[in-house]
Amino acid sequence: MSIEPEVAPGQVGIDAERLARLDAHFARYVDDGRLAGWQLVVSRDGRVAHASTYGWRDMEAGLPVEPDTLWRIYSMSKPITSVAAMMLWEEGRFELTDPISRWLPEFAAPQVYDRGSASAPFTVPAVEPIRVWHLLTHTSGLTYGFLQTSVVDALYRKAGYDILAKTGVDLAQASRDWAALPLLFQPGTGWGYGVSTDVLGRLVEVVSGQSLGDFLRTRIFEPLGMADTRWAVDPDGDDAKRLAALYVPSPAGGKATRFDAIGKYALEEPTMQSGGGGLISTAADYDRFTAMLLREGALDGGERRLLSSRTVRFMTRNHLPGGVDLDRLQTGGFAETTFEGIGFGLGFAVVRDPVPARTPSTPGTYYWGGAASTAFWIDPAERLTVAFYTQLLPSSTHPIRPQLRQLIYSALTD
């Protein structure tokens, strides 16, 4: 599905000439080789006011970015899985304070890293069980192997979990494998980016009795009309040409260089459906998802309701213990941006105060991004949703996200 503007920017309080500055700024990223291509969507009041593309979805094949390009959204999958879990919560299937071991018995007796090396770690028992809200807020103590900043993530890599999941492992087995590894910290005492949302996806499977993919398809994608969102693209199908290639910065000069070693996996149906980072989508599909959230759980005049308005408001408040900023609790190596003035809700980072980051925003804005430099945010006060899609690993390579905010907010005129 393609996406096109539905309303003139001026009709919704956005200056069209200032939006042109935005496009020109990111065009330079392509012209000087830092990015292969990109797509941008700006919506206000639930209507698309700006949709632009630039550059190449596949430089080597000479294929430009088009409105229906398929992008690897990686960790922008996390809010979708979080919504899935909260749909089950609304049905009374669990409470946020429930220990996850009630459904995932492998987590009945977690151990926490205390000291030692990856070859001889010393652990202590967890004094608090991992609860559902710990998964949603990344306060579980679970981590990622690819962060490469702690003994615990070294243990993940040793167990076969790096930037990719262990070969041939499904989500149920991955959950058991992660449960056998020590936690980075006592549950609820820190914030650590990791496989929490993947374990949440496994919880969705067990509670619902469906695979994660079937639940997302029947309960979220089909109701919202997200027909292009999936785990993989058939390499022999027509959609394979719509898929953006994956790139990394070259060690010499930093220009975007094709990276098929990871990119090829988007052409294979995964054994493990990663709710934390496995989805492929289009700008049109994800705009439907963010529009649903902006409208507090519903689309199309309330005909398609996934969540209660109260649930969305609850999810997008700061749930960190004591209401502190995320940077006060952060443990581990995820530090591509400052987290001063930022809290974390149930599936999203939440802006508490934009001043410490020196980047314009509005308190209550919630957001996240993906490993290939994609990003989105939703600003309820400004009735604004923004999403940027590109294909460069890692997302910390360029300051795309703060620059987007700087240029978008300076284009608002009402």
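Reckoned from all heavy atoms, side chains included, excluding hydrogens, waters and symmetry mates.
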Side-chain donor/acceptor pairs under 3.5 Å, residues 160-167, sequence neighbours excluded:
from	atom 1	to	atom 2	distance (Å)
Y161	OH	D177	OD2	2.5

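For F122, the ring-ring contact (aromatic ring centres under 6.0 Å, His included) criterion is met by no residue, not counting sequence neighbours. Every residue two or more places apart in sequence or in another chain that forms a ring-ring contact (aromatic ring centres under 6.0 Å, His included) with Y29 is listed here: H25, F26, H398. Applying the ring-ring contact (aromatic ring centres under 6.0 Å, His included) rule to F289 yields the partners Y286; only residues at least two apart in sequence or on another chain are considered. The salt bridge (Lys or Arg N to Asp or Glu O under 4.0 Å) search around R47 returns none, not counting sequence neighbours. For the side chain to side chain contact (heavy atoms under 4.5 Å, CB included) test, residues two or more places apart in sequence or in another chain that qualify with T271 are D170. By the salt bridge (Lys or Arg N to Asp or Glu O under 4.0 Å) test, D45 pairs with R383, sequence neighbours left out. Listed by chain and residue number, nothing satisfies the salt bridge (Lys or Arg N to Asp or Glu O under 4.0 Å) test with D353 (two or more places apart in sequence, or in another chain). Listed by chain and residue number, R313 satisfy the salt bridge (Lys or Arg N to Asp or Glu O under 4.0 Å) test with E296 (two or more places apart in sequence, or in another chain). Residues that satisfy the ring-ring contact (aromatic ring centres under 6.0 Å, His included) test with F344, not counting sequence neighbours, are H138, W191, W368.
For residues 83-108, every residue pair satisfying the salt bridge (Lys or Arg N to Asp or Glu O under 4.0 Å) rule, not counting sequence neighbours, is listed here: E91-R93, E91-R219, D98-R102. Each salt bridge (Lys or Arg N to Asp or Glu O under 4.0 Å) pair with one or both residues in residues 110-122, not counting sequence neighbours, would appear here, but there are none.
Between W89 and F314, the ring-plane angle classifies as parallel under the 30° and 60° cut-offs.
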